[in-house]
Engineer: 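Could you have a look at this structure, given as structure tokens, before my questions?
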Amino acid sequence: MIEVLKILDDTDYTIFNKSTYYTIPRYQRAYAWEDKEIEQLIDDIYDIGSSENYYIGSLVVYKVKNKLETYEVVDGQQRLTTLYLLLQYLISKRALKNKIGNTLSFDCRPNSNHTLSIIQKILSDSLDSKDKENIEQSVQCGIKVIRQKFERDKLEIGKFISCLRHVVLYRIDVPENTDLNRYFEIMNTRGEQLEQHDILKARLMRNLRNRYEQEFFSRIWNACSDMTGYVQMHFSTEDRKNIFGGEWNGRPSNKWKDYGDCIDNTDKSEHSVMIKEIIKPKFKVNGVDGANEDDTHVRFDSIIDFPYFLLHALRVFIKRYNISMEKNLSELLDDKKLIVDFESVLDIGMKNDKPIKDNKEDFSKKFIIHLLQTRYLFDKFIIKREYTGEDKEGEWSLKELYTSGQRSKKTAYYLNTKLNYSNEWKKTYSFRNKECLMIQSALRVSYTSPKVMHWITDLLIWFFYNKELPKLINEAEDLAAKAVKENFLDGGNYKLGVQTPHIVFNFLDYLLWKKDKNSYEDFKFEFRNSVEHWYPQNPSEGSSINTWENKDTFGNLCIISRSVNSKFSNLSPESKMKSYGKMVKNGSIKLRIMGDLIQNGSNDEWVKVKCQKHEDEMMSILRGALEDNASI
């Protein structure tokens, strides 16, 4: 049976108000959604139009025998739990009339149930010592992410609730006697559906009349759609040579006619290996991975998925070909509007004062070549995550593809991307790769949602207009500095507390690292997504300082990971250093400096003198970076 459920109706009744109980069985993992998933859900809801319903997905349940309206959640529990936390947050803001009961529970997870039962206390910061015992950190962190998302992005709660009234959920009741463990396994390992980019591909290919051109279009599209590794390695060997040159690393041509050999040899490119070759014992599949200079096996993952790459590529295309439109594309990069954005360009876009819709064949040809060129530049100059050997954590990487060997034995390997002027010695430019990697990773961890990663679009546009590669670093620095200026310094208010933009902390850390690379040689940018108070908002019992009014000032703030935040809790700076000094010394550079100040002082000195002095020094560094670039 399938039911359509409204998350919130016009009378403020929710799916959790009624006499329906949901229980999360023990074979399911605990609540595990983090910043990215939670913020994505909130963004998706906030972007809903006023006249449309948003189908948030399905909730697969099993009706529990002999229990009235009680369902065991088979699939969709992460989304369901997040919705529960989200509604509790809205209730804490007195934005909803009706409270919701304890209609969600976890089987055999007492800590999770305890935390759900005291959500309102968590939201009002009124936990007592007894409440703090046995709290499930993942649930508490989820609540914190929701609150900070609304506060940091200044989301209008009234508008959000209006959008929420359009959100519906399919509840699917599985048949009686279903093997739930087996069903759960299948639900989480199988099943694919047609994505928007698949539909878009078919529509753009339809503009081409020649079958061989369509197949060539498809080969480029498919190669670009695989965001792992480097795009060259997603083509056949012959296509690699024809498109990227004999060393596989040349920039693709901008002219459709230059791809004649690829188009004419479609059959050969698609079926270049005979069965008699495949069955030989020594046959090997030419995979997408490669090796570093020391032969260490590597794998690269992109920082964005293909639908978002298409959205970036489209915006670069508009700028590159000077496309004019009566109405600009939406500011957010929204993968749900992928087809809508492309249709807007096709329907109302003008190129050289001529409507694009009058020659869609030309658009498809130009765009697919543009997509290929953009992906080539993206792979070479935009950071990736690199995994070597058995490494599962990965690290930031900025490398370009090279080849070794001859003919059929040619293989790929990777070296740091060169950012050099012509005829420049290696030792004079090798440091630039590290600087470029660091400023890009600072941007990456600051903008965790792919919807607001506009810095990628800006850098890709820069590549098409600039040949002096060393200046790429300046461009990336300027993007970060501009964001700090517009969202922080220009406001004149440095007491934003947890609403302080992440880019402020990360750009400051970059400047501190660049100023003294030797002292911070071990530092790297990580997803530190929690802005916290060094001297706590609500000090632990026994603190001698409870009335300090400047707790929200920038000097008293630091950016840390969720796990570190749960340990710091409401400890004083001195206590944090005594108990978790090693975490501080492995944290952000600003946090390390704050830790050093406390080691040579006290809580009282921090509040009265050292916090303001620290803030003055950090603000001076930020302002100095802006003064170095008068164009900002």
Side-chain angles (χ1 to χ4, degrees), residues 125 129 132 442 484 488-489 492-526 528-625:
D125 295 316
S129 57
K132 294 177 183 178
V484 171
F488 185 62
L489 292 178
N493 177 17
Y494 310 132
K495 297 182 180 180
L496 299 179
V498 297
Q499 296 183 46
T500 306
H502 293 183
I503 186 61
V504 180
F505 296 97
N506 289 318
F507 185 50
L508 174 61
D509 275 351
Y510 169 77
L511 295 173
L512 291 167
W513 169 83
K514 189 176 180 180
K515 184 179 180 181
D516 191 359
K517 296 175 184 175
N518 291 332
S519 296
Y520 303 113
E521 186 178 3
D522 66 324
F523 175 73
K524 54 187 176 183
F525 286 100
E526 299 174 352
R528 303 176 176 99
N529 294 327
S530 183
V531 177
E532 295 301 330
H533 299 77
W534 185 228
Y535 189 88
Q537 281 184 297
N538 302 296
S540 301
E541 295 177 11
S543 174
S544 60
I545 308 170
N546 289 300
T547 58
W548 187 34
E549 296 180 354
N550 289 328
K551 293 174 185 175
D552 282 336
T553 196
F554 181 65
N556 191 49
L557 301 174
C558 53
I559 188 167
I560 58 180
S561 66
R562 299 291 177 197
S563 59
V564 173
N565 176 40
S566 65
K567 294 184 179 352
F568 277 7
S569 187
N570 289 321
L571 296 176
S572 69
E574 284 186 73
S575 297
K576 287 171 182 171
M577 284 303 298
K578 288 178 182 177
S579 300
Y580 304 108
K582 187 175 181 180
M583 287 185 176
V584 172
K585 294 182 184 301
N586 290 329
S588 73
I589 298 179
K590 184 179 188 296
L591 178 61
R592 297 181 193 188
I593 294 172
M594 295 163 79
D596 290 340
L597 291 171
I598 281 297
Q599 278 193 325
N600 300 314
S602 64
N603 294 330
D604 191 59
E605 287 177 309
W606 175 257
V607 169
K608 293 181 179 178
V609 179
K610 292 195 172 185
C611 176
Q612 187 59 54
K613 184 179 179 181
H614 169 65
E615 178 172 309
D616 291 343
E617 291 175 353
M618 298 300 102
M619 295 297 289
S620 176
I621 292 172
L622 287 173
R623 291 193 182 100

Engineer: I'd like to know if the side chain of Asp552 pairs up with that of His533 as donor and acceptor (distance under 3.5 Å, no hydrogens or angles considered).
Structural biologist: yes

Engineer: So, taking the atom named CD1 in Ile503 and the one named CG in Leu508, what distance separates them when rounded to the nearest 0.5 Å?
Structural biologist: 10.5 Å

Engineer: So, Trp548 versus Asn556: side-chain donor-acceptor pair below 3.5 Å or not?
Structural biologist: no

Engineer: Test your reading of the model: is there a side-chain donor-acceptor pair from Glu574 to the backbone of Ser602, 3.5 Å cut-off?
Structural biologist: no

Engineer: Run the side chain to side chain contact (heavy atoms under 4.5 Å, CB included) check on Lys610 and Asn600 step by step: do they pass?
Structural biologist: CA-CA 10 Å; Lys610 292 195 172 185; Asn600 300 314; 4.2 Å; yes

Engineer: Show your reasoning for whether side chain to side chain contact (heavy atoms under 4.5 Å, CB included) applies to Lys514 and Tyr520.
Structural biologist: CA-CA 9 Å; Lys514 189 176 180 180; Tyr520 303 113; over 6 Å; no

Engineer: Give a yes or no on whether the backbone of Pro536 and the side-chain of Asn570 come within a donor-acceptor separation of less than 3.5 Å.
Structural biologist: no

Engineer: I want to check something: taking the side chain as every heavy atom from C-beta on, are His614 and Trp606 in contact at a cut-off of under 4.5 Å?
Structural biologist: yes

Engineer: Would you say that more than 12 heavy atoms from the other residues, nucleotides or ligands in this model lie under 6.0 Å from the NZ of Lys517, or not?
Structural biologist: yes

Engineer: Which pair of non-hydrogen atoms, one from Ile593 and one from Met618, has the smallest distance, and what is that distance?
Structural biologist: CD1-CE, 4.2 Å

Engineer: Kindly indicate whether the side chain of Ser561, heavy atoms from C-beta on, has any atom under 4.5 Å from the side chain of Glu526.
Structural biologist: no

Engineer: Which distance, rounded to the nearest 0.5 Å, do you find between the NZ of Lys608 and the CG of Asn603?
Structural biologist: 11.5 Å

Engineer: Applying the side chain to side chain contact (heavy atoms under 4.5 Å, CB included) criterion to Ser588, which one of Leu512, Ile559, Asn506 satisfies it?
Structural biologist: Ile559

Engineer: How far apart are the closest heavy atoms of Leu622 and Val484, and which atoms are they?
Structural biologist: CD2-CG1, 4.4 Å

Engineer: Taking the six-membered ring where the residue is Trp, are the ring centres of Phe505 and Phe525 under 6.0 Å apart?
Structural biologist: no

Engineer: Nearest 0.5 angstrom please: Asp509 CG to Phe523 CZ, how far?
Structural biologist: 4.0 Å

Engineer: To the nearest 0.5 Å, how far apart are CE in Met577 and CE in Met594?
Structural biologist: 11.0 Å

Engineer: For the atom pair NZ (Lys515) and CD1 (Ile589), what is the distance rounded to the nearest 0.5 Å?
Structural biologist: 11.5 Å

Engineer: Is any side-chain heavy atom of Glu615 closer than 4.5 Å to one of Tyr494?
Structural biologist: yes

Engineer: Determine yes or no for a side-chain-to-main-chain donor-acceptor pair under 3.5 angstrom, with Lys551 supplying the side chain and Gln537 the backbone.
Structural biologist: yes

Engineer: What heavy-atom pair brings Pro501 and Leu496 nearest, and what distance separates the two atoms?
Structural biologist: CD-CD1, 4.3 Å

Engineer: For a 4.5 angstrom cut-off between non-hydrogen side-chain atoms, does Met619 reach Phe488?
Structural biologist: yes

Engineer: Between Thr553 and Asn550, do the side chains contain a donor N or O and an acceptor N or O under 3.5 Å apart?
Structural biologist: no

Engineer: Ser575 side chain to Leu571 main-chain N or O, any donor-acceptor pair under 3.5 Å?
Structural biologist: no

Engineer: Test side chain to side chain contact (heavy atoms under 4.5 Å, CB included) on Val584 and Trp534; report intermediate values, then the result.
Structural biologist: CA-CA 11 Å; Val584 172; Trp534 185 228; 4.2 Å; yes

Engineer: Supply the atom-to-atom distance Ile621 CD1 to Asp616 CG, rounded to the nearest 0.5 angstrom.
Structural biologist: 11.5 Å

Engineer: Taking 4.0 angstrom as the limit, do Asp522 and Arg592 come out as a salt bridge?
Structural biologist: yes

Engineer: Within the structure provided, determine whether Ile598 and Glu605 are in side-chain contact (heavy-atom separation under 4.5 Å).
Structural biologist: no

Engineer: Quick one: are Lys582 and Lys585 in side-chain contact, heavy atoms under 4.5 Å?
Structural biologist: no

Engineer: Is the NZ or CZ atom of Lys590 positioned over Phe554's six-membered ring, under 6.0 angstrom from the centre and within 45° of the axis?
Structural biologist: yes

